[in-house]
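This report refers to the structure that appears directly beneath it.
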Amino acid sequence: MKDRFLRACRREPVDVTPVWFMRQAGRYMPEYRALREKHSLLDLCKNPELALTVTMQPLRLGVDAAILFADILLPLDPMGASFEFAKGEGPVIHEPIATREQIDKLRVIDPDESLGYVMSAIRLIKREVDVPLIGFAGGPFTLASYLIEGGKSANFAKTKKLMFGAPDAWRALMETLTEVVRLYLRAQVVAGVDAVQLFDSWVGDLAPADYVEYVQPYARRILRDLETTGVPVIHFGTGTATLLEAMRDAGGTVLGVDWCTPIESAWERVGYDRAVQGNMDPCALLTTRPIAVKHAQRVLDAAAGRPGHIFNLGHGILPETPVDHVRAVVDHVHAAGAS
Ligand code: CP3
């Protein structure tokens, strides 16, 4: 297996900086769009052969890691909160969580049973792919926000109303989500993933004191438990300029950094005993190849050749991104030598 990505996660020396992209499989690729004409998003996730095909699609760009094709919302359905991906709207939870009674009805699932198709996909991908495979799950705040808001949200008003106004109910919900995510990620490691990423994508909407009070204890429980498996654990969020130290204290061996915090200051703040991943602005990929490459070089310059940098964007690839710009950035990062 090509292990440059795993070596960088462990802050070991590498020949060149490893690179992969959040949302590297998806609508910006013509071969993904072609498959989506025939299959729904959930079909792609639930059929291991199709999940393998989609997971492999971006590998032609020369990235140093594969990320399992799945979605952070998959555990919600067996927990008792059914949802769909509505066309053009993103996820829609059929009965958003509003009461303590609904929270108490949510089930802690056995991931090998309820999400066995994910484990089958992992085993299949591991047989076919020669780069490390990253498994993932949603973070407890991000999953709670979908459950409570019923879909995407601009200000997380309902989520925060419950969190601030009914802290016992919030804690009960977080306990259940924490246990589900912990068991789900552990099952992925047993099935064969080489690293895991916790996508707590929306925690950046919280003030630091609220993150520490209402989210950090749960993120910590998940991250610390996963660290004992020995695989690298990536802790990711966006809008996290004021949260980096608190996220570091929650755990994870690699911290994901969005594009608003320069990676050199993020690294200094979290400490050089962690690896860092990020942090190019995904919108820079929309422009031209030279401009995309210039932004990539800026991240490489800021990382300054320190061991433990994994090149990535600050968030996922946007659907309107030209594939050849992504390819140009991969080639540039590799040509630029070790960071
Ligand atoms: O390539 C990869 O990164 C692996 C696959 C992956 C998907 N979703 C597939 C997907 C991963 C890692 C995710 C994570 C995910 N899903 C997150 C956290 C990461 C982030 O971007 O912050 C969140 C918040 C979700 C929930 C979700 N899934 C939303 C809000 C949406 C709709 C928004 C959109 O882009 O349309 C999805 C749909 C989804 N999940 C797509 C893909 C490829 C869109 C594709 C489609 O309709 O075919």
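Counting starts at 1 for both ligands and their atoms, following the listed order. Everything numeric here is computed off the predicted structure, so don't read it as measured data.
Within the 4.0 Å heavy-atom cutoff, Phe236 does not count among the residues contacting ligand 1. Residue Phe21 places no heavy atom under 4.0 Å from ligand 1.
With no hydrogens or angles considered, no side-chain donor-acceptor pair links Glu227 and Thr253 at under 3.5 Å. Checking Ser82 against His94 by side-chain atom types alone, a donor-acceptor pair falls below 3.5 Å.
For atom 33 (C) of ligand 1, the nearest protein heavy atom lies 4.0 Å away or farther.
The main-chain N or O of Ser201 is found under 3.5 Å from a side-chain atom of Thr142 such that the two form a donor-acceptor pair.
From the protein, the heavy atom lying nearest to atom 1 (O) of ligand 1 is Ala25 N, 3.1 Å. Among protein heavy atoms, atom 23 (C) of ligand 1 sits closest to Ile72 CD1, 3.4 Å. The nearest protein atom to atom 45 (C) of ligand 1, hydrogens excluded, is given as Tyr32 OH, 3.5 Å; this is a heavy-atom distance. Atom 19 (C) of ligand 1 has as its closest protein heavy atom Phe199 CD2, 3.3 Å. In this structure, atom 28 (N) of ligand 1 lies nearest to the protein heavy atom Asp71 OD1, 2.7 Å. Annotation: atom 47 (O) of ligand 1 to nearest protein heavy atom, Arg36 NH2, 3.0 Å. When only non-hydrogen protein atoms are considered, atom 11 (C) of ligand 1 lies nearest to Phe136 CZ, 3.6 Å.
When heavy-atom distances to ligand 1 are checked against a 4.0 Å cut-off, Lys152 has no atom that comes that close, whether in backbone or side chain. Looking at Leu68 against ligand 1, only its backbone comes within 4.0 Å, counting heavy atoms.
With rounding to the nearest 0.5 angstrom, the CG atom of Leu147 is 10.0 Å from the OG1 atom of Thr176. Going from atom CD1 of Ile310 over to atom CG of Asn279 covers 12.5 Å, rounded to the nearest 0.5 Å. The distance from the CZ atom of Arg182 to the CD1 atom of Ile222 is 9.0 Å, given to the nearest 0.5 Å.
Contact atoms of ligand 1 toward Ser201: 18 (C), 19 (C), 20 (C), 22 (O) (distance under 4.0 Å to a heavy atom of the residue).
Counting heavy atoms of neighbouring residues, nucleotides and ligands inside a 6.0 Å radius, atom CZ of Arg298 does not exceed 12 of them. In this structure, Glu320 places its CD atom where more than 12 heavy-atom neighbours from other residues, nucleotides or ligands lie under 6.0 Å away.
A side-chain contact (heavy atoms from CB on, under 4.5 Å) with Arg220 holds for exactly one of Thr178, Asp225, Asp249; it is Asp249. Only one option out of Ile67, Leu68, Val193 pairs with Ile125 in a side-chain contact (heavy atoms from CB on, under 4.5 Å); it is Leu68.
In the candidate list Gln197, Arg27, His315, Arg27 is nearest to atom 36 (O) of ligand 1, counting heavy atoms. Of all the listed residues (Gly139, Pro91, Gly138, Ala137), Pro91 holds the heavy atom that lies closest to atom 29 (C) of ligand 1. The residue among Ser40, Ala70, Ala86, Gly26 with a heavy atom at the shortest distance from atom 9 (C) of ligand 1 is Ala70.
Between Asp210 and Lys160 no salt bridge is recorded (no basic side-chain N to carboxylate O distance below 4.0 Å).
At least one N or O atom of Arg23 sits closer than 3.5 Å to an N or O atom of ligand 1. Considering backbone and side-chain N/O of Tyr146, none are found under 3.5 Å from N/O of ligand 1.
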